[in-house]
Amino acid sequence: MAGDWPAGGSEKFNKECFAGASVQVPAKQALAYCECSNEMMREVFSTQQLAAIAGGKKPSEDEVSVLVDISRNCARETLK
């Protein structure tokens, strides 16, 4: 179902993700984690869903479940 972020959405996500992740892990790992998460989100969410996320809309329970899975997968891949 691959979607696209709205204009500036991908950059906004990466910036906010990095701000949170870099407090917990080195910058290089935080960047890799956020890029992984961004890419996986584009693979599983529609353009409409990504626009809602970028706009600050609260995700549905199903979307939260997917986001948790993405976070876990990217953490395993990038935070070794």
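Heavy-atom basis, side chains included; hydrogens, waters and symmetry copies ignored. Owing to the predicted nature of the structure, the values given are computational and were not obtained by experimental measurement.
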For Phe13 and Leu50, what are the C-alpha separation, side-chain angles and deciding distance, and is it a side chain to side chain contact (heavy atoms under 4.5 Å, CB included)?
-> CA-CA 10 Å; Phe13 172 82; Leu50 291 171; over 6 Å; no
Sequence neighbours excluded, which residues qualify as salt bridge (Lys or Arg N to Asp or Glu O under 4.0 Å) partners of Glu11?
-> none
Of all the heavy-atom pairs spanning Ala27 and Phe18, show the shortest one and how long it is.
-> O-CE1, 3.4 Å
Which atom names give the shortest non-hydrogen contact between Ser37 and Cys74, and what distance separates them?
-> N-SG, 3.3 Å
Do Met40 and Phe45 belong together in a cluster built from hydrophobic side chains that touch within less than 4.5 Å?
-> yes
So do the side chains of Trp5 and Met41 get within less than 4.5 Å of each other, counting heavy atoms only?
-> yes
Heavy-atom closest pair, residues Ala30 and Val25 | N-CG2, 3.7 Å
Do you know which two heavy atoms are closest between Gln49 and Ser46, and how far apart they sit?
-> OE1-N, 2.8 Å
Do we see a donor-acceptor contact under 3.5 Å between the side chains of Asp4 and Thr47?
-> no
What closest approach, in Å, do Cys34 and Asn14 show between heavy atoms, and which atom pair accounts for it?
-> O-OD1, 3.4 Å
Go through the steps for Glu39 and Arg42 under the test side chain to side chain contact (heavy atoms under 4.5 Å, CB included), then give the verdict.
-> CA-CA 5 Å; Glu39 183 60 32; Arg42 287 181 55 240; 3.0 Å; yes
4.5 Å side-chain heavy-atom contact, Asn38 and Cys17 = no
Start with the C-alpha gap between Val68 and Arg72, add the side-chain angles, then the distance that decides, and say whether side chain to side chain contact (heavy atoms under 4.5 Å, CB included) holds.
-> CA-CA 6 Å; Val68 169; Arg72 286 183 182 146; 3.6 Å; yes
From Leu31 CG over to Thr78 OG1, what is the distance, rounded to the nearest 0.5 angstrom?
-> 10.0 Å
If you look at every heavy atom in Lys12 and Ala54, which pair is closest and at what distance?
-> NZ-O, 2.9 Å
